[in-house]
Amino acid sequence: MSSHWNRLLWTQRPMGRMDLRCLVFTWAALLLCGQGVGAEAADRVDAFDLARGQRVVHVGTIRSEDAVRIALTTQAGVNLTIPTASVLEVAYDDAPAELLLARNQERQRNWAAAIEQYEAASRSVGREARLLRRHIEFKRAEMLALRAEDTDRALAERAAGELRRWLQENPSARQSLRAIEMLHRVDRGAESGSKDAAAMLQGLRNTAPQDPELNVACDWLQIQWDIEAAFTGTDRAEGLRALEPRLAALTQKPDRESGSLAPVLVAARAWLAVAVAAGGKVDDALTTLDQLAGQHGSDRRALAQVHLCRGLVLRGTGRPREALWEFAWVEAVYAEEPTARALALLQLAEVQRELDQPRRARVTLERLKSDSALMDTWPWRLAQRSAQAGAPSTP
Amino acid sequence: MMTLPLLLAWLPLWAGTASEPPHLELIQGLRQRGDAEWALDYLDFLETRSVPLPDAVRRDLPQWRLQLRVDVALAARELDALDRNVQAILGDLERLGSDRARLQVDEARLHSEYGELLALLALELRVPALRLQLSAAARRQLEAAANHWRALAKDAGPDQAATAAIGLGQTLLLQSRLLDADDRKAGEQWQEAERALSRVAEQSPPTPAAYLAQAWLVRAWTGVDERKADEVFRKLLQERRTEAQQAQRLARFFRLGETWRRRLEPGRYNKTLFRTEAERWLAEAHRDARPFDAIYLRFCLATSFGDDFLAQEDAGRAASTVKSLLDRALAEYDAVQRGVGPFAQLADERRLALLTRSGRGEGPIEAVATASECLLQARLAWTKMAEDEQRLATLPERERPEMQQHIRAHAARADAAVQRGLSLVAGKEADEWLPLQRLRLDLAQRRQDWPAAITVCTEVWEAAPDQALRQNAAIEALRLMVRLPDRGGASRIELARRVIQREPQSLAADFAREIIGLDHFESARYAEAAAILGEVGDRYPRQPHCRYFAALAHWQAHTAACREAERPYTTASKELETTRAWLPEALARLEALESDRTTAAAARLDLAQIQLALDQPAEASATLAPLLERLEKSDKPPFPAALAGRVLETALRAALMRQDGGQAALSVLALLQKQGMSTTGFDDLLQELGRQLRQQLEDLERQGPTADPQLAKLKQTLESFVGQVEKSPSPSVEVRQWLASMHLSLGRPARAAELYLALLAEHTGGGMDEARKQGLRLQALIACRQAAEASGGGERQSWLTKARERMRELVADPRAARSPLVVRENILLAQLGGQYVAAIEQWEGLRASLEPHLVDRPDLAEIYHEAAYHQFRAMCGAAAAVTEAEPRRLARQRAAQTYLLIERRGFGTPAWKTRFEAFLRTPEQRDIHEAVQQMREDLP
């Protein structure tokens, strides 16, 4: 089973062709080795092991799953608890073929066809497959929201309704965070949308108030919304400055220094520097970012955040030439983190325009708009909306 | 083909430290995204940043820069530009100062890649002559590359042995491909290539270089032994190590290229398979180091679709599947065009050809829905128009009107498409906006509608997103304005001012400064001209020209100030200092340009003239020496004849002003004759020289007593020169005439008269036309009269007699009798004979007859002022001749009155004022002088 907010944290991209190939190879390997023979089920959980710095695949029977953890018994009979925060992808043993077809359509952004396939998959799944049914219902609502956002705004209300209903039925599911995120996105136009999403986020937090990982994930999602709001609002500096207390609170809890929360902490520290710089303490912000780069010199995702934030700080202090190269690092070298890369491209285009390089700016913006790996990020959506409005990409 | 692993091997992998990010990673990242130019900007940024770079980075910067420049060079859109880029890089390589082995690698790689690019291009060209030309150029490049690789292989250490072997192998392989298959040399080259590549490919454990060699072996065996080629290909593809991926992609590219090359051979080309594989390869193309591979493959793909479309019968082209072939072909050609590289032009041609054949360019323009389609239609109509215009020249007369009608229709269609395109285009940053404006400009220029063309340029200047474009548009607009009446007048200057205001640092602003500066210069606003021309920046290509005109403007301002203050030109001033500093500097830069030798010669001449005016004849002669040398060496003048004439005149004057310049002057005269100047030209030149010298003498006289030493020196030199010219054996009539005029200028009228009279005597019976004889008689008359004035007693009478004889001869022709000069001489003769009363009346009559014409004929003004002068002299003479006291007082009063009247009018010119005053100061006129003073005091 997958948790979409984890994907945001770790890869922030939909499942690609390579992922599918990995999946097929793993299953084939398992079958060839005979490990699956005689087992109860062969559910597959694809997660990111931070300690080892690589993806790991757990195969067995999923006993339960919620917003905090997935409980799985391996085929060797070992009980595992996998933090939902680290889960990248989940494949159920009893998934019907339509599910694969639906994923295929989803990758091609054929939302209508994907919805049809998910509906067909839903019809082929029995009532006993509770987790799978929940997942398919979520996917259907998610596809509807994506379709509303992408091509058909008239469906927005319906999509929001479906997401709300699903969240009421499943307040603490593996997919809840993603569902709340989608609700926030699809209901952007309606005033009630953001409030609903915020309320549901609080509801999710309340389901496990002592769980640090869930709390951090909820905080981080809230901060992401605020960052997006700062970039779409009329006063970006003010918006970023307002983030400082929340980011400071997030970074000051010692129990989050290690484990699956560490990457969020690094990103939050980098953004805290941006907020501090927006308050006028530019030197402090740059020092913090330099320290972060020194501490996490081998972590490419952390470096992406550092370069992006340094670019934002430099740009905000009237040093666009230096800012330009900071964004270039994220675009050309540390491109693993989709939201950071998309925002870097968006900023790059703006800086290039500012430096009287409109052709390069146009190419950069084209690159952002045409990269399928960035389509699930808010900077990409912002660029799309600006292009449709015929205005510069951000105020 | 040199690819990423090898490049990485050359560029030392610099590991980042805590304080420095891994710069190489960013450069490689940008390169792989096809942003080589941007990566070059990053290098500039690194070099200019305040934090010092680590030694390792600083050491490798030139190498990285070179690598990126190669990428940019090979991506040039036009072949000429590409060739220039490559040559420039090769030139820079020598200056880079890297070690010999690295230099060989760099040069070899450049030659090799350039050669391969040319070979690929030749493969796609459909004109046989061009194909041959490009193939030959490719062979030359590959030959050069092979030589470098061989040299490297000989000296290479173990680390470079593989690089050298692969380089040599690939180059030989490409060379053998360019020769005929049955050519013995092709076979030898192939075998050597195969040996070199196999040696590296068999390395164990395999290295990235080994994989690369295997890829090249796939190419080597393809077409020679397919089984072997398949075997190597399959083995390479089975490799799972990441180091092999680049080589695998390269091998796939080779296979695709080979399939395409053999597409006309039966059974060799499966178009569906080719297209699928090519699309797959292109989807991953951004991972490749060399951009032109992807461009070439895309071009092949487009041609594959396009050819397929053209192969359909006309009737079948309407089917939707066939239409989609056309759409795909157009889309791919479009992508090729957008990506830079020499295939862009070819793609453009093919795209237009496809559109023509498909009949898409025939529908009504109003129905076209997008700006990009409008652009296509406009270009199509433009192409058809150009073709018809070519055909028109060969058509018989009776068929021309119809063709001209076609041409007009195409032009109108192109115009309509452009207008519609501009109304549809989504903003000025859209891709189509600029090409549409370019076409609009071309159309306006074609119908010589200059105001419309200027409007286009101004619009582009005001709205173009790119600074370079804005700059070009501004320059074009200012250039086009020259074609308007009065060269655009005030509106051109106004536009120039706006350009400067908007982008003061741009080249266009410098161009505008030049325009405004020259306008000031032409309007004699020298201070303003000097100021604005002095602001032109060093990078402006015509900066030396501007500096030259600025120096001249400073000089003009200086001379004007000196004249006004009646000071010699040698008086120190800031303007003079600037002229002295700027003019030699501008001259040096102009001569270094070599593109405008005429201006350089003119600048040198101006410098010499200024040196002459500053009484530096030796420096002036030295300045002119190179020009004289060029004139002497060449049979025809190396610069325009008028300029050559001025150079010789100035050289002559400089020589004359020098104490030791007599011989130099003679050699200039000899040079004049050698230049083949016609007799008239030579004569004119001597006359002009005489006039200039007289002018110079007068100038010096006017400068007052401070210029006396200069005046004396000039006279002395002139006398010496005239003496030398007289000594020359058998001087021509013109030279003798010139000598006579010079004697006259130097105040030796008797000698001048002798020369004139001798000339007249020699030509009594004929040998000289009557008009010229009349001119000579007049000169003789003037000389005789002046000689009479200068002498006394019997000699005076003798000269007067001779003068009267000449007068009689002259007035025999009634037309000559009416000439003001002859009338003047007649009165002067009467005056000289003591007939003052008659002379006074005649002068009065002459002045009265000239007065109405003074406004229209400034040339008569001089005679008018002279008549006033002589009239006054006659009055003085008359007063002196009266013996009785009262009539004498009255005569003096009249003379003084006349003087004061003339004085009130300012004596006509400053020169005449000097003469009047000088005459009045002579001891003989003391009485008149006193009378004048008295009358001045009595006047209210």
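As the structure is a prediction and not an experimental result, all values here were calculated from the model. Labels below follow one simple rule: chain letters A, B, ... track the order of the sequence lines, proteins then strands, and each chain is numbered from 1.
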### Summary
Interface check, chain A: of B:L30, B:I27, B:D41, most non-hydrogen pairs under 4.5 Å belong to B:D41

#### Entry: Enclosure of B:E239 CD (heavy-atom neighbours >12, cutoff 6.0 Å)
yes

### Message
So for A:Q352, is it side chain, backbone, both, or neither that comes closer than 4.5 Å to the heavy atoms of chain B?
### Response
side chain

### Task
Determine the minimum heavy-atom distance between A:W329 and B:P22, stating which atoms define it.
CH2-O, 3.0 Å

### Query
Taking everything shown except B:E279 itself, do over 12 heavy atoms lie less than 6.0 Å from its CD?
yes

### Message
Under 4.5 Å from any heavy atom of chain B, what part of A:A335 do you find: side chain, backbone, both or neither?
### Response
side chain

### Message
Exactly one of B:E25, B:Q28, B:H23 should register a side-chain contact (heavy atoms from CB on, under 4.5 Å) with A:V333. Which one does?
### Response
B:E25

#### Entry: Side chain / backbone / both / neither for B:D35 at chain A, heavy atoms under 4.5 Å
side chain

### Check: B:T48 and A:R321 side chains under 4.5 Å, non-hydrogen atoms
no

### Message
Return the CH2 to CD distance between B:W38 and A:E331, rounded to the nearest 0.5 Å.
### Response
6.5 Å

### Task
Any chance you could lay out the side chain to side chain contact (heavy atoms under 4.5 Å, CB included) test for B:R470 and A:D356, step after step, and finish with the verdict?
CA-CA 11 Å; B:R470 280 202 299 272; A:D356 202 15; 2.7 Å; yes

### Query
For B:R275, does the CZ atom have more than 12 heavy-atom neighbours from other residues, nucleotides or ligands under 6.0 Å away?
yes

